[in-house]
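Structure record follows, encoded as structure tokens.
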2 protein chains.
Amino acid sequence: MTGPGTSPTGDQLVEVLAALSNPLRLRIVATLAGGRDYVSNLARVIGVSRPLLHMHLQRLEAAGLVVGSLELSEDGKAMKYFEVADFDLRLTPALLAAAAATLTTTDSPRGPAREEPSR
Amino acid sequence: MTGPGTSPTGDQLVEVLAALSNPLRLRIVATLAGGRDYVSNLARVIGVSRPLLHMHLQRLEAAGLVVGSLELSEDGKAMKYFEVADFDLRLTPALLAAAAATLTTTDSPRGPAREEPSR
DNA sequence: TACACGTGTAAGAAAGTTCTTACACGTGAA
DNA sequence: TTCACGTGTAAGAACTTTCTTACACGTGTA
């Protein structure tokens with residue numbers, strides 16, 4: 001993901017911020033920051049349904065904030081562990097302006113389609 | 001807003017991240033980072049409808065990312081100028097975990113209401 | 001075979017976000 | 001009075017997000 005030396009593109013930034021702008025996903029990251037865990041146990045720990053957790057984890061992984069790996073347990077079960085990725089992002093007006101300059105999609109991703117996508 | 005010495009609460013963080021996780025609002029902040037401007041001109045510069053810009057600016061102001069002020073122009077017009085706020089946020093797994101610990105609303109703000117809001 | 005545990009996916013509903021269009025009001029100049 | 005320019009607000013439509021429930025599959029044990 002994004003370390004102190006690299007800057008995300010505007011599109012990456014939007015993806016990351018959107019992924020983190022949800023209380024449940026924040027809690028997921030926070031729980032994984034305390035140590036990796038597998039999906040169904042994480043669902044129990046956090047107290048949400050497993051399909052829901054899976055969906056949120058996919059969103060976080062797509063943004064590069066967590067990393068999933070499939071492992072075989074000693075009793076033959078395929079278990080999907082997730083751990084938090086190593087990221088370090090800084091947000092200041094100047095940095096946001098630099099990122100905004102690289103946005104490829106400038107319109108909001110929802111609502112009625114606009115007549116003329118502005119750029 | 002949030003300088004290098006202060007940490008936002010979990011709720012503030014979610015509000016800020018949600019406000020920034022939109023390409024159009026990123027562009028608004030970026031344009032204002034280059035210098036303050038008034039609403040209708042900003043709408044022209046960016047190329048969006050004024051009511052839409054107004055709505056987005058309100059969202060950014062509520063999150064503390066921009067500051068609006070009403071001024072009287074020399075020809076008697078009440079003009080609403082906006083400028084970017086001074087913020088400096090850092091996002092790392094540890095900082096997110098600390099913020100998540102202070103979340104008061106732990107559920108996502110949309111979708112079907114859950115049976116038992118989990119904490 | 002039934003059960004326990006793990007996985008991934010799909011469908012449909014509820015809620016919020018984004019956008020356009022319209023309305024209303026104000027000041028000043030022609 | 002009309003026009004130009006500024007402001008704020010509301011209504012309704014299109015779209016995305018979030019959630020639950022259900023289905024399907026796998027391995028191992030009793």
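Chain letters run A, B, ... following the sequence lines, proteins first and then strands; every chain starts at 1.
- An OP1 or OP2 oxygen of C:dT17 is reached within less than 4.0 angstrom by no side-chain nitrogen or oxygen of B:Asn22.
- An OP1 or OP2 oxygen of C:dT17 is reached within less than 4.0 angstrom by no side-chain nitrogen or oxygen of B:Arg25.
- A:Pro23 pairs by the side-chain contact (heavy atoms from CB on, under 4.5 Å) definition with B:Val14, B:Leu103, B:Pro109, not counting sequence neighbours.
- Applying the 4.0 Å criterion to OP1 and OP2 of C:dT17, one finds that B:His56 has every side-chain N and O outside that range.
- Between the P atom of D:dT29 and the CD atom of A:Glu74 lies a distance of 11 Å, rounded to the nearest Å.
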Nucleotide-resolved protein contact map, nucleotides 3-8 of chain C, B/S/- at heavy-atom distance under 4.0 Å: --BSBB
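- Rounded to a whole Å, the CG atom of B:Leu17 is 15 Å from the P atom of C:dT17.
- Distance B:Leu53 CG to C:dC19 C1': 13 Å, rounded to the nearest Å.
- A:Glu83 meets the salt bridge (Lys or Arg N to Asp or Glu O under 4.0 Å) test with A:Arg36; sequence neighbours excluded.
- Relative to the axis of its first five pairs, the axis of the last five pairs of the helix from C:dT1-D:dA30 to C:dA30-D:dT1 sits at 20°, rounded to 10 degrees.
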Below 3.5 Å, can you tabulate the donor-acceptor pairs from side chains in residues 55-63 of chain B to any protein atom, sequence neighbours excluded?
from	atom 1	to	atom 2	distance (Å)
B:His56	ND1	B:Arg25	NH1	3.0
B:Glu61	OE2	B:Gly68	N	2.9

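- Comparing B:Pro112 and B:Asp75 by the nucleotide of DNA chain C that holds the closest heavy atom to each, the one mapping nearer the 5' end is B:Pro112.
- Put simply, B:Ser108 has no side-chain N or O that comes within less than 4.0 Å of OP1 or OP2 on D:dT17.
- If you take CD1 of B:Ile28 and P of C:dT18, they are 10 Å apart, rounded to a whole angstrom.
- Following rounding to the nearest Å, B:Met55 (CE) and C:dT20 (P) show an atom-to-atom distance of 10 Å.
- Remark: A:Pro93 pairs with B:Ala33, B:Val84, B:Phe87 by the side-chain contact (heavy atoms from CB on, under 4.5 Å) rule, at least two apart or across chains.
- Here CG of B:Leu26 is found 7.0 Å from CG of A:Leu17. Values are rounded to the nearest 0.5 Å.
- The interatomic distance linking B:Leu24 (CG) with D:dC15 (P) rounds to 18 Å, in whole Å.
- In this structure, A:Leu95 and A:Leu13 have side chains that are not in contact, with every pair of non-hydrogen atoms separated by 4.5 Å or more.
- Taking side-chain N and O atoms only, A:Ser49 has a distance below 4.0 Å to OP1 or OP2 of D:dT20.
- If you take CG of A:Leu20 and P of D:dT18, they are 12 Å apart, rounded to a whole angstrom.
- Among residues at least two apart or in separate chains, side chain to side chain donor-acceptor pair (under 3.5 Å) pairs with a member in residues 73-82 of chain A are A:Ser73-A:Asp75, A:Asp75-A:Lys77.
- Rounded to whole Å, atom P of C:dG12 lies 19 Å from atom CG of A:Leu52.
- For A:Thr105, the side chain to side chain donor-acceptor pair (under 3.5 Å) test picks out no residue, with sequence neighbours left out.
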Expected list for residues 38-45 of chain B: side-chain donor-acceptor pairs under 3.5 angstrom, two or more places apart:
from	atom 1	to	atom 2	distance (Å)
B:Asn41	ND2	B:Asp37	OD1	3.2
B:Asn41	ND2	B:Asp37	OD2	2.8

